[in-house]
Amino acid sequence: MFGYVRPSDRRLTEEERETFRAAYCGLCHALGASYGPAGRMILNYDLTFLAMVLSEGGGTCEKRCAVHPFRKRRCACGDAAMDTAADMSVILTWWQIQDGIADHGLFQGLKYRAAALLLRRAYRKARRRQPDFDAETQKRLTALAELEAERCPSLDRPADAFAVLLAGAAQGIADPVKRRVAEQLLYHLGRWIYLTDAADDLAKDQRSGSYNPLPLRFSVQEGKLTEESRQELAQTMDRSVERMAAAFELLECGVWQPIIESVVYAGLYQVGNAVLNGTFHQRPRREKYPERKAGHGDA
C-alpha cells in the first residue's frame with residue numbers, strides 16, 4: 001500500500017495514541033505470526049486502518065518483539081480481523097509489487113523482483129487463506145493495467161477500479177449492515193488513495209513517461225499542477241473524504257472509533273494537503289500538516 005492513511009496526532013489523546021499503537025503492533029504481530037519477517041516488512045498505516053475497520057473487537061495484551069526486545073508493548077490480540085487484515089495485506093502488497101515489475105524495465109525493476117522473491121511464499125499462503133479476495137484483487141488490477149495501457153484520460157475509471165478493489169476487503173464482515181457501510185467507506189478511501197498517489201507521483205511520472213491520469217485531465221507546468229488545477233483536484237479528493245465521513249457516521253468501530261474519526265476528519269485532509277503542496281515527503285514539524293481540506297492554503 002502507500003502509507004497515506006494516518007490519524008491526526010493532535011486530534012488524539014495520549015490514551016488514543018496508545019490504542020492506535022496497539023492496533024499497529026497487533027497487525028505487526030499477526031503478520032509476523034503468519035508470514036514471518038517478510039510479512040512484518042509490509043506493515044504500514046494504510047493496512048492498520050484496514051484492520052481497524054474490519055475489526056469485530058478484541059482485547060489487548062503486552063508483547064515483546066525484535067524491535068522492542070526489552071520492554072513489552074501493548075498490542076491488539078484476540079481479534080480475528082487482525083489475521084484477516086494480515087492476509088489481505090500480503091495479497092495487496094504482492095499485486096502492487098507485480099504492478100511495479102510490469103511498469104519497470106529489467107534494471108529499474110530489480111527491487112520489485114527482489115521484493116517478490118522475499119514475499120512469494122507468504123503470498124501463496126495468503127492466497128490459500130483468502131482465495132476470493134486474491135482473485136478479485138487480480139481482476140481489478142488487471143482492469144486498471146488495461147486502462148493505464150490505453151492511457152485512459154478519465155479520472156473516474158481508474159480510480160473506480162482501485163476503489164472497488166479496496167471495497168472488496170469488507171466482504172468477510174459477517175454483519176450485513178456493517179459490511180455494506182464498510183464497503184462504502186473503503187470504496188471512497190480507495191478512490192482518495194488513487195488520486196492522492198497520482199498527485200504524489202506526478203513529477204516522477206512526467207519524467208519517466210509513465211501513465212498518470214492527471215496531465216490528461218488537468219493543466220500541468222514544469223511537472224506540477226497549475227494552481228487552478230490543484231484546487232480542482234483538491235475538491236475532487238475532498239468529496240471522496242466527505243463520502244467516507246457519511247459512511248463512517250453509520251459505522252460502529254468500538255475502541256477504534258476515535259482513531260478512525262481522526263483519520264477521516266483530519267488525517268486524510270492533512271496528508272492530501274501535504275501531497276498537493278509538495279511537502280508530504282519532508283520531515284516537518286507537526287504544524288506543517290494543518291487541519292484543513294486538501295489544497296486550501298499553504299502547508
Side-chain angles (χ1 to χ4, degrees), residues 1-6 21-52 54 63-69 73 75-77 79-145 148 161-162 165-166 168-169 172 186 190 193-194 196-197 200-201 204-205 208 210-211 280-281:
M1 295 285 277
F2 305 92
Y4 299 131
V5 185
R6 55 187 69 186
R21 285 192 288 267
Y24 192 83
C25 289
L27 180 57
C28 183
H29 279 283
L31 284 163
S34 293
Y35 300 109
R40 290 180 186 269
M41 289 171 57
I42 69 175
L43 178 69
N44 68 22
Y45 292 126
D46 300 355
L47 302 175
T48 304
F49 181 85
L50 176 63
M52 290 188 291
L54 297 179
K63 292 183 178 181
R64 292 186 177 91
C65 66
V67 178
H68 303 99
R73 294 176 66 91
C75 71
C77 58
D79 188 347
M82 290 291 165
D83 294 325
T84 300
D87 298 338
M88 292 179 173
S89 299
V90 171
I91 290 168
L92 288 167
T93 303
W94 171 263
W95 288 111
Q96 186 180 2
I97 290 170
Q98 297 307 305
D99 184 57
I101 292 172
D103 286 347
H104 295 81
L106 177 61
F107 293 107
Q108 288 184 326
L110 284 176
K111 64 179 181 180
Y112 296 101
R113 289 178 171 82
L117 185 63
L118 290 172
L119 201 62
R120 180 175 296 142
R121 180 177 296 180
Y123 164 68
R124 289 173 176 169
K125 182 177 180 180
R127 181 180 60 190
R128 290 194 300 271
R129 294 167 71 161
Q130 303 289 340
D132 292 342
F133 182 72
D134 177 65
E136 187 66 15
T137 298
Q138 185 176 7
K139 175 183 174 182
R140 296 300 171 183
L141 288 182
T142 297
L144 183 57
E148 292 175 351
F162 188 79
L165 181 163
L166 197 58
L186 292 173
I193 287 174
Y194 183 85
T196 301
D197 188 55
D200 200 16
D201 287 347
K204 179 184 69 176
D205 290 340
S208 68
S210 298
Y211 171 78
F280 179 68
H281 295 288

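These numbers were taken from a predicted model, which means no experiment stands behind them. Atom set for the values below is all heavy atoms of this structure, side chains included, hydrogens, waters and symmetry mates excluded.
Taking CG from Leu165 and CD1 from Ile91, the interatomic distance works out to 10.5 Å, rounded to the nearest 0.5 Å. Here the CZ atom belonging to Arg127 is positioned 12.5 Å from the OG1 atom belonging to Thr137, to the nearest 0.5 angstrom. Taking CG of Leu31 as the reference point, atom CG of Leu27 lies at 4.5 Å (rounded to 0.5 Å). Atoms SG and CD1, from Cys28 and Ile42 in turn, are 10.5 Å apart once rounded to the nearest 0.5 Å. Expressed to the nearest 0.5 Å, how far CZ of Arg21 lies from OG1 of Thr48 amounts to 13.0 Å. Rounding to the nearest 0.5 Å gives a distance of 13.0 Å between CE of Met82 and CG of Asp87.
A 4.5 Å side-chain heavy-atom check between Lys125 and Val90 finds every atom pair outside the cut-off. Residues Asp99 and Tyr112 have side chains not in contact (no heavy-atom distance under 4.5 Å, counting atoms from C-beta outward). Side-chain contact between Asp134 and Trp95: present, with at least one pair of heavy atoms (C-beta onward) separated by less than 4.5 Å. By the 4.5 Å heavy-atom criterion applied to side chains, Trp94 and Arg120 are counted as neighbours.
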TODO: Run the numbers on Gln98 and Leu141 for side-chain contact (heavy atoms from CB on, under 4.5 Å), then give the verdict.
DONE: CA-CA 10 Å; Gln98 297 307 305; Leu141 288 182; over 6 Å; no

- [ ] Report the C-alpha separation of Leu186 and Leu50 in whole Å, then their side-chain angles, then the decisive distance to 0.1 Å, and conclude whether the side-chain contact (heavy atoms from CB on, under 4.5 Å) test is met.
- [x] CA-CA 8 Å; Leu186 292 173; Leu50 176 63; 4.1 Å; yes

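For Thr142, the side chain to side chain donor-acceptor pair (under 3.5 Å) test picks out no residue, with sequence neighbours left out. By the side-chain contact (heavy atoms from CB on, under 4.5 Å) test, Lys204 pairs with Asp201, Arg207, sequence neighbours left out.
Closest approach of Ala169 and Met88 over heavy atoms only: O-CE, 3.4 Å. The shortest non-hydrogen separation linking Gly3 to Asn44 is N-ND2, 3.9 Å. The two residues Ala51 and Ala81 make their nearest non-hydrogen contact at O-CB, 4.2 Å. Taking all atoms of both residues into account, the shortest heavy-atom contact from Ala30 to Asp83 is CB-OD1, 3.7 Å.
Without hydrogens or angle criteria, Asp205 side chain to Ser210 main chain gives no donor-acceptor distance under 3.5 Å.
Centroid-to-centroid, the aromatic rings of Tyr24 and Tyr45 come within less than 6.0 Å.
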